[in-house]
Structures are given as C-alpha cells and as structure tokens.
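From a predicted model like this one, the values you see are computed outputs, not experimental measurements. Chain letters run A, B, ... following the sequence lines, proteins first and then strands; every chain starts at 1.
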Number of protein chains: 2
Amino acid sequence: MKKVRLADVAKVAGVSMKTVSNVVHDYPHVTPEMRRKVQLAIDELGYKPNLTARRLATGRTGMIAFAIPEIDHPYFSELSRYIAEEASLRGYRVLVEQTLNSLSAEQAVLNDREAGLVDGVIFHPVRMQALDIAMLRRDVPLVLLGESTMPVTADHVMIDNVAAARDGVRHLLGQGRRRIAFLGLVAGDITGSTDQRLLGYQQGLVEANLPLDPQLVFSAPDFSPEAGAEAVRRALDSGIRFDGMICRDDRFATGALHALRGAGVNVPEDVAVIGWDDTELGRWATPRLTSISPDKRELAATALEMLGERIGGLQGIGRHRIASHSLSIRESAPAGASVLL
Amino acid sequence: MKKVRLADVAKVAGVSMKTVSNVVHDYPHVTPEMRRKVQLAIDELGYKPNLTARRLATGRTGMIAFAIPEIDHPYFSELSRYIAEEASLRGYRVLVEQTLNSLSAEQAVLNDREAGLVDGVIFHPVRMQALDIAMLRRDVPLVLLGESTMPVTADHVMIDNVAAARDGVRHLLGQGRRRIAFLGLVAGDITGSTDQRLLGYQQGLVEANLPLDPQLVFSAPDFSPEAGAEAVRRALDSGIRFDGMICRDDRFATGALHALRGAGVNVPEDVAVIGWDDTELGRWATPRLTSISPDKRELAATALEMLGERIGGLQGIGRHRIASHSLSIRESAPAGASVLL
DNA sequence: GATCCAACTTACAGCGCTGTAAACAAGCTG
DNA sequence: CAGCTTGTTTACAGCGCTGTAAGTTGGATC
C-alpha cells in the first residue's frame with residue numbers, strides 16, 4: 001500500500017488539489033456536491049494528510065515542548081498531565097524533554113541545534129539562571145516555570161512561594177506549635193524555590209515574634225526522600241527539638257515521616273509535618289500529608305495561555321503571573337488546635 | 001532577525017547548498033578548508049537547520065509516540081522516564097500521548113493522528129482489544145506494551161505476569177501465610193493484566209494444595225488507592241480473614257495498607273502485603289511495600305529495540321518478548337519466616 | 001603529456017501541502 | 001442583456017531540505 005497524496009485524491013475526484021485541501025479543512029465555501037465527491041475519493045483511497053508537509057507549508061507545527069528535570073518526579077508528572085490536557089484543549093501536542101538536572105541539557109532546550117520543531121517551549125529550569133537564559137534564548141516563544149530568577153524578557157508563571165510558606169507556618173502556629181523546623185536546603189541548589197520557601201518560613205516566624213533558630217533549618221545532600229529522612233534522623237540524633245516542620249517538597253516530607261516514626265516520634269501529636277506540591281506520594285503517606293498545594297491546573301493553563309499569545313505574535317516584555325495555591329490539610333498537620341495543648 | 005536558510009549560508013560561503021548540508025551532517029568527503037569556510041558562514045549567520053523541511057525531504061521524523069493511559073500514574077511516569085532515556089540514546093524524541101482511558105483516544109493513536117508525525121509508536125492500550133488494534137492499525141511501526149490480548153501482527157513486550165504473581169504467592173507461602181487474598185478485580189477492565197495476575201495467584205495456591213476461596217478475591221470500583229482501601233475495609237467488615245494479600249498494583253496496595261492500619265490490623269505481622277509495579281508510591285508507603293518489580297528499563301529498551309528494527313524496515317509477524325521481573329522485598333512482606341510462626 | 005581515477009562539489013528535482021491570485025460561474029441589478 | 005457581485009474552484013509557486021546524477025578537480029599512472 002503506497003502512500004496516498006493529496007494529488008492522488010484530486011485526480012480520482014477530478015478536482016484540484018486545493019479543493020481537496022479545502023474539504024479536508026472544512027473550509028465553508030465548498031458546494032455540498034463537490035464535498036461529497038471529494039470525501040468519497042478520500043475514503044476510497046484512505047487518504048491521511050501528511051503533517052510534516054503541512055507544517056512546512058504553514059510554518060506551524062502544532063507542537064510545544066515541555067522541558068522538565070525529571071518526568072517521573074511526582075510534581076512534574078502531575079504537572080505534565082495538566083500540561084498535556086490543556087495543550088490538547090488548545091490543539092497542541094506535547095513533546096516532553098527531560099533535562100535530568102543537567103546544565104547542558106537545559107542549554108540544549110533553548111539553544112536547540114535545530115529549529116522548526118515546536119511552536120513554543122514551556123521550560124522549568126533548575127540549572128540555568130536568568131542571565132544564561134536571556135543570552136541563549138532564541139526567538140522561539142517561551143514560558144518559564146519555577147522559582148529561579150527569571151529574565152525580564154520571558155514570560156513566567158509561578159505561585160507565591162513566600163506567601164505559601166508563610167501560610168504553612170501560620171497553620172502550624174495556629175496549632176500551638178512553636179519550634180518549627182524547615183527541611184531542607186540542598187547544596188548546589190541554585191533555583192530560588194528553596195530560598196523563597198525558607199524566606200516565607202522565616203517571615204512566618206518573625207510575624208509571630210518567634211526566634212529564628214538556625215539549628216531548625218535542616219540540610220540534605222540531595223532531593224530524595226532518603227535524603228530527607230537522613231536529615232531528620234541527624235537532627236533528632238543531635239538532640240534538636242521541634243514540634244512542627246515544613247518541608248520543601250513532598251519527597252522530603254515523606255522521608256521525614258519515615259525518620260520520625262523510626263525514632264518513635266508521633267506525627268502529628270509530637271511533630272506536625274507539612275509537605276509541598278500536594279502529590280499522590282504525600283496523599284498516601286502515613287499519616288496522610290498536609291501539603292502546600294500549587295494549583296497545577298491553573299499553572300498549566302496560564303502557561304499555555306501565555307505561550308499561545310506569544311505564538312500568536314504578541315511582542316513585548318516578559319509577563320510575570322502568579323498562580324494560586326492553597327493548603328491541603330490532612331492528617332500530618334490537621335486543622336484545629338494540637339493535641340499537645 | 002529573519003530566518004536563515006541553507007541557501008543563505010551557501011550564498012555567504014560561496015558554495016552550493018549541498019555542500020553546506022554535507023558540512024552540517026559531518027559528511028566525511030569535505031575538504032577541511034571548505035568545511036572551515038562553511039562553518040564560518042553558519043556561525044556568522046546563526047544558521048539552524050529546519051527540522052520540518054528535513055523531515056519532508058527524508059521521510060524520517062526522528063520522533064516516536066508513547067501512548068499511555070495517564071502520564072501521572074506512578075507506573076507510567078516511571079516507565080516514561082526510561083522510554084525517554086532509551087529513546088534519546090537512539091536519537092529519538094518522544095511525543096507523549098495521553099489516552100486518559102478513552103477508547104476514542106486510543107483509536108486515534110493508531111488511526112490518523114500520527115500520520116507522518118512520528119516514525120513509530122509505543123502503545124499501552126487499556127480499552128482496545130486485539131481485533132480492534134489489528135483492524136485499525138496503519139502501516140506505522142508499532143510496539144505494544146501491557147497485557148491485553150495482542151494481535152499477532154504487532155510486536156509486543158510484557159513481563160510474565162502469571163509467573164510474577166506466582167512468585168509473589170510463593171513468597172507469602174514461604175512466610176507461613178495460608179489465607180492469601182487478591183486485590184482487585186475491577187468491573188469493565190478488559191486488559192489481561194488483572195486476569196493474568198489472578199491466574200498466577202491461583203496457580204500459586206494450587207501448587208501448595210491450598211483451596212481457592214472466592215471470598216478472598218476482592219473487587220474494587222476503579223483503580224485508585226481509595227478504591228483499594230474501600231475494598232479491604234469491606235472485606236474486613238464482612239469478617240473475612242486473611243494473613244497475606246497480593247495486590248494488582250501499588251496504588252491498590254497503598255490504599256490497602258491504609259485500610260488495614262485503620263482497622264488496627266498490623267502489617268506485616270497480621271497481614272503481609274505485596275504490591276505490583278515497584279513504584280515510588282509503594283517504596284515510601286508505610287510500611288515500605290514489597291512489590292513485584294517489572295524491569296522497567298528492560299521493558300523500555302526492548303520496546304525501543306524492536307521499534308527501531310521495524311522502523312529500519314523489518315517485516316514479518318509480530319514478535320512477543322518477555323522482560324524480566326523480580327520481587328522487591330521490603331517491610332510489608334519481608335523475607336524469612338513470619339513472626340506469626 | 002594524455003589518460004584515468006578517486007575525491008570532491010554542484011545543479012536541480014522533488015518531498016506533500018497551503019496561500020495567493022487569478023479564473024470561472026451564477027445570480028442580481030438596472 | 002451587459003455589467004456587477006458574490007461565491008466557488010483552479011493553477012502554481014513556494015515552504016527548506018536532501019538524494020541523485022552529473023560535473024569538476026587534482027593527482028597518480030603509463
């Protein structure tokens with residue numbers, strides 16, 4: 001079975017190529033009779049338009065790239081789902097590009113040896129910084145995600161991390177917690193995520209006239225649950241006391257829950273724990289994890305919205321949008337006063 | 001900044017388009033001097049080849065589609081990661097297609113949606129059956145994943161689900177468990193996954209001369225952890241007794257762990273639990289979940305291997321490959337004799 | 001120095017589709 | 001019924017690249 005081309009259909013139907021094209025695209029000014037005749041030929045030959053050729057002719061690919069560190073990180077896989085859904089709603093297909101936390105892979109996303117592959121890019125960097133991004137960025141429409149410092153030239157969506165962290169702290173304070181820890185700093189992390197969350201955490205404490213105890217800020221060697229668990233274990237071993245904890249992400253929080261239980265510390269009775277990202281991992285942790293919940297669908301929708309406008313030709317300085325967040329309250333830091341009180 | 005074309009570079013370098021193309025492709029028979037001259041022009045103009053045009057000319061897209069039910073399902077997101085990595089190793093980019101368990105979306109995968117877009121498709125169906133697939137399938141290279149009955153015309157990779165389930169049962173038997181339950185059947189599930197796993201479970205019991213008690217096969221309304229928890233709760237409420245459980249996937253198992261703890265049943269002391277898929281969700285459940293572990297990397301590598309051969313022109317009947325599996329033993333069903341004994 | 005060969009380079013015809021401009025048809029108007 | 005419209009269809013030139021076949025060059029060979 002040879003490939004069927006537009007020209008073949010045209011010949012069989014006895015019309016011009018363009019008329020066939022018009023039928024394929026449901027162009028309104030085609031007489032019903034002509035449409036019928038062409039459709040018949042299409043069905044008979046089993047014609048399928050060749051998308052590559054269409055792209056070359058139109059210059060539009062109908063595809064966007066979604067570049068993230070790891071596709072199987074719970075936050076990114078959940079976000080991917082919304083990106084895929086929102087993209088599909090707008091007629092785009094999604095090419096997922098996994099950077100695996102490598103600088104060169106991130107650079108490749110922007111630099112891309114090849115052009116014309118996608119109409120636009122949604123990019124969550126973790127290694128590149130504002131300046132690198134600004135320098136390397138080509139004229140492909142671009143929307144950035146995440147909390148790195150971002151160049152003013154590109155659009156950007158994020159949640160208000162400082163406010164969200166503060167919300168988390170307030171929730172713990174409302175339960176009567178007074179020694180609240182933060183997990184975790186990671187050496188070499190140049191994204192602003194941790195910094196902003198830490199800042200919000202500190203603001204929350206300061207608001208309540210509580211001291212900032214550096215001992216209560218835990219570091220971890222990497223972003224795995226193991227690392228989070230290890231950090232908490234070390235803190236407990238050093239005799240550091242705390243009754244609340246806010247974690248940089250659900251993976252850390254999940255590890256923390258394991259470490260706490262391992263040490264005989266009860267959650268939430270002895271220590272209330274809040275995670276971040278509101279992922280399935282945390283929803284089914286034990287106890288179920290209270291977590292700061294970025295509105296992932298809104299994040300995805302906003303990114304696609306802005307990207308669509310850029311693809312449509314919108315020029316001008318980068319826009320900065322804040323998506324909403326909330327606190328998903330579950331067992332690890334329930335609502336109401338703590339049992340401690 | 002206008003788009004730079006091959007012809008522009010050729011003009012600046014004072015050579016033919018084809019020579020520029022040869023330089024871009026590192027074609028060996030180009031004199032160093034010529035190469036230098038051309039490279040200079042490329043750098044000066046900032047030329048990037050247009051992939052769409054290249055594709056139209058060569059007929060190869062360098063992309064494959066990976067069609068799965070849900071991108072944020074832990075098993076599929078982890079598998080996606082390996083698919084992305086293995087694809088990248090072989091010079092392919094991956095277009096992720098989310099079918100959201102919809103029949104029409106699955107049909108679209110095989111039907112026209114991908115015409116000329118991708119060189120091949122890796123597809124994990126959950127709604128389509130062998131016949132539908134055989135009927136709809138176009139001549140795009142195709143590799144199937146999963147346990148649905150598959151048409152003989154297409155390549156297929158899976159693990160030996162029956163053997164894997166048997167292995168799980170044997171593990172529980174080795175701990176002295178005798179009343180082993182299976183979670184869970186789902187109405188409307190037409191994939192063979194559950195059936196095969198159930199069969200292996202039954203074989204394992206029969207091997208040990210244990211009776212097959214239909215009460216010990218739990219049904220759930222859908223595939224969520226909630227549904228798994230609910231199924232277990234119902235069983236406990238009905239007074240059904242069991243000391244071991246093998247779950248159709250980690251989501252069910254995670255839900256089951258919650259239900260058991262909620263009922264005051266200790267895992268693994270009272271009931272040992274085995275999940276399936278060996279996902280991060282289970283690895284960080286409490287207790288950490290013992291899980292049947294399909295070798296996801298091997299699955300991905302094999303699928304890409306076979307797809308590559310098909311793209312290379314290999315004809316002939318569908319090949320059926322089995323990837324390996326193992327049991328990841330953790331706290332929920334540890335090794336060694338049970339504390340019950 | 002004529003001949004041949006290998007190594008390199010070029011010209012150009014597609015790949016399959018769409019946008020444009022021009023052609024044609026049919027219905028109205030005066 | 002010529003002259004306009006409006007509506008419908010057509011012809012064809014690209015989109016940017018690569019494969020092919022036909023050149024060109026420089027050196028080795030006799």
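- Taking only side-chain atoms of S21(B), from C-beta outward, the nucleotide of dC17(C), dG16(D), dT18(D) with the closest atom is dT18(D).
- Of the candidate nucleotides dT10(C), dC17(D), dT18(C), dT18(C) has the atom nearest to the side chain of R54(A).
- At the phosphate of dT10(C), OP1 or OP2 sits under 4.0 Å from a side-chain N or O atom of T19(B).
- For R5(B) and D8(B), the salt-bridge test passes: some basic side-chain N is under 4.0 Å from an acidic carboxylate O.
- Proximity of H25(B) to the phosphate of dT18(D): a side-chain N or O atom is located under 4.0 Å from OP1 or OP2.
- Taking only side-chain nitrogens and oxygens, T31(B) comes nearer than 4.0 Å to OP1 or OP2 of dT9(C).
- A salt bridge links E97(B) with R93(A); the closest basic N to acidic carboxylate O contact falls under 4.0 Å.
- You'll find that the side chain of A57(B) is closest to dG16(D), out of dG16(C), dT10(C), dG16(D).
- Of all nucleotides listed (dT9(D), dT18(C), dA11(C)), dA11(C) comes nearest to the side chain of K18(B).
- Rounded to an integer number of Å, the gap from CG of N50(A) to P of dC15(D) is 18 Å.
- In this structure, M17(A) reaches the bases: a heavy-atom distance under 4.0 Å links it to at least one base atom across the strands shown.
- For N22(B), the listed nucleotide lying nearest its side chain is dT10(C); candidates were dT10(D), dT10(C), dG19(C).
- Considering only side-chain N and O atoms, Y27(B) lies nowhere under 4.0 angstrom from the phosphate OP1 or OP2 of dG19(D).
- Closest contact between the side chain of S16(A) and the listed nucleotides dG19(C), dC17(C), dT10(D) involves dT10(D).
- The CG atom of D295(B) sits 8.5 Å away from the OH atom of Y82(B) when rounded to the nearest 0.5 Å.
- Between E305(A) and R321(A) there is no salt bridge, since no side-chain nitrogen of the basic residue lies less than 4.0 Å from a carboxylate oxygen of the acidic one.
- Rounded to an integer number of Å, the gap from CZ of R60(A) to P of dC17(C) is 18 Å.
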